[in-house]
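Since the structure comes first, as structure tokens, the remarks are kept for the end.
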Amino acid sequence: MKSTLLTKPLTKAHVEEIAGQFEMPDLTLPFWGYRKKMPMHRIVRLEGEGNYTVFHFADGSQLMVSLTLKKMESRLSSKVFVRPHKKNIINLLYLEGIHPDQQQLSVSLINGHRVDVSRRKASRFIKQVKGFQQELGILSDFRSNNRLVA
């Protein structure tokens, strides 16, 4: 299977640096009777499990909350988080590659996870990724110009 890499994947240090440029406030999640604040930029992907959502974080940890994926989708930054499949939402900051196949499109994330893209959502997903990549390019150009001036 051929892997297509859109741009060089971001490192965790770059993610921390770039996260401030996007509107990504901390999420407050219900967790065993209390609320827990989680930095949105550290979420690699969300996985739906019925009425629960499993958060997969950049440090390898996981957290299950009693909210549906649909409810979580509305709380996330639409510039960075996309839903390629009904069971998953991914953070484009952690996108490593897109893998086209005759039957199925899938993506790999820098933590090693592989997520399928539904056939119905594939063209919209590719447009979202390209838009995100363009925005990243604009941000990196802006940062480069500011470093030269400063």
Side-chain angles (χ1 to χ4, degrees), residues 1 3-101 103-140 142-143:
M1 184 178 341
S3 170
T4 305
L5 196 61
L6 295 179
T7 61
K8 186 177 175 185
L10 298 170
T11 64
K12 289 181 183 179
H14 284 116
V15 169
E16 293 282 335
E17 186 180 325
I18 291 171
Q21 303 298 319
F22 292 97
E23 296 174 18
M24 296 192 343
D26 289 350
L27 281 176
T28 303
L29 303 171
F31 184 70
W32 293 97
Y34 66 95
R35 300 200 178 279
K36 190 172 187 176
K37 278 196 172 203
M38 302 303 281
M40 193 182 300
H41 69 275
R42 294 202 178 122
I43 301 168
V44 176
R45 88 180 163 108
L46 293 86
E47 180 179 13
E49 296 280 335
N51 288 329
Y52 296 90
T53 300
V54 179
F55 286 75
H56 298 269
F57 294 98
D59 64 0
S61 64
Q62 295 180 2
L63 175 68
M64 182 180 274
V65 297
S66 59
L67 293 170
T68 63
L69 200 56
K70 185 174 184 170
K71 283 189 181 185
M72 290 312 311
E73 185 176 21
S74 67
R75 295 181 180 186
L76 299 169
S77 170
S78 60
K79 289 182 178 181
V80 180
F81 289 90
V82 296
R83 192 169 184 174
H85 193 274
K86 68 180 180 177
K87 286 195 69 161
N88 288 285
I89 296 174
I90 63 169
N91 184 338
L92 293 176
L93 292 170
Y94 294 98
L95 181 66
E96 184 176 52
I98 297 178
H99 309 278
D101 193 4
Q103 305 298 321
Q104 183 75 47
L105 180 69
S106 66
V107 296
S108 56
L109 304 171
I110 62 172
N111 67 351
H113 291 181
R114 191 102 174 212
V115 176
D116 288 334
V117 178
S118 80
R119 286 178 284 173
R120 287 188 339 197
K121 295 183 179 188
S123 62
R124 182 171 182 227
F125 173 75
I126 294 296
K127 285 179 188 174
Q128 288 174 307
V129 170
K130 285 181 180 177
F132 176 76
Q133 295 289 336
Q134 287 175 343
E135 181 132 0
L136 267 184
I138 291 167
L139 287 175
S140 65
F142 178 74
R143 280 196 327 248

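Residues: numbered from 1 along the sequence shown.
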Let me confirm one number: the CG-NZ distance from Leu92 to Lys79, rounded to the nearest 0.5 Å.
13.0 Å
Hey, mind stepping through Leu27 and Leu76 against side chain to side chain contact (heavy atoms under 4.5 Å, CB included) and telling me if it holds?
CA-CA 8 Å; Leu27 281 176; Leu76 299 169; 3.7 Å; yes
How would you list all residue pairs meeting salt bridge (charged side-chain N to carboxylate O under 4.0 Å, His left out) that involve residues 24-37, not counting sequence neighbours?
none
What distance separates Leu95 CG from Leu109 CG, expressed to the nearest 0.5 Å?
6.5 Å
Minimum heavy-atom distance Leu105-Ala122, with the two atoms named:
CD2-CB, 4.0 Å
At their closest point, which heavy atom of His99 faces which heavy atom of Ser108, and how far apart are they?
NE2-OG, 2.8 Å
Please table the atom pairs, donor to acceptor, closer than 3.5 Å between any side-chain atom in residues 46-57 and protein atoms at least two apart or in another chain.
| unit_1 | atom_1 | unit_2 | atom_2 | d |
| --- | --- | --- | --- | --- |
| Glu47 | OE1 | His56 | NE2 | 3.0 |
| Thr53 | OG1 | Leu67 | O | 2.6 |
| Thr53 | OG1 | Leu69 | N | 3.3 |
| His56 | ND1 | Gln62 | NE2 | 3.3 |

Working for side chain to side chain contact (heavy atoms under 4.5 Å, CB included), residues Ile43 and Tyr94:
CA-CA 9 Å; Ile43 301 168; Tyr94 294 98; over 6 Å; no
For the CZ atom of Arg42 and the CG atom of Asn91, what is their distance to the nearest 0.5 Å?
12.5 Å
Can I get a per-line list of side-chain donor-acceptor pairs under 3.5 Å for residues 81-90, giving both atom names and the distance, sequence neighbours left out?
| unit_1 | atom_1 | unit_2 | atom_2 | d |
| --- | --- | --- | --- | --- |
| Arg83 | NH1 | Glu73 | OE1 | 2.9 |
| Arg83 | NH2 | Lys86 | O | 2.7 |
| His85 | ND1 | Lys87 | N | 3.3 |
| Asn88 | OD1 | Arg45 | NH1 | 2.6 |

Heavy-atom distance under 4.5 Å between the side chains of Val117 and Ile126, does that happen here?
no
May I have the step-by-step check of side chain to side chain contact (heavy atoms under 4.5 Å, CB included) for Val107 and Val129, ending in yes or no?
CA-CA 11 Å; Val107 296; Val129 170; over 6 Å; no
I need the Asp116 CG to Arg114 CZ distance, nearest 0.5 Å.
8.5 Å
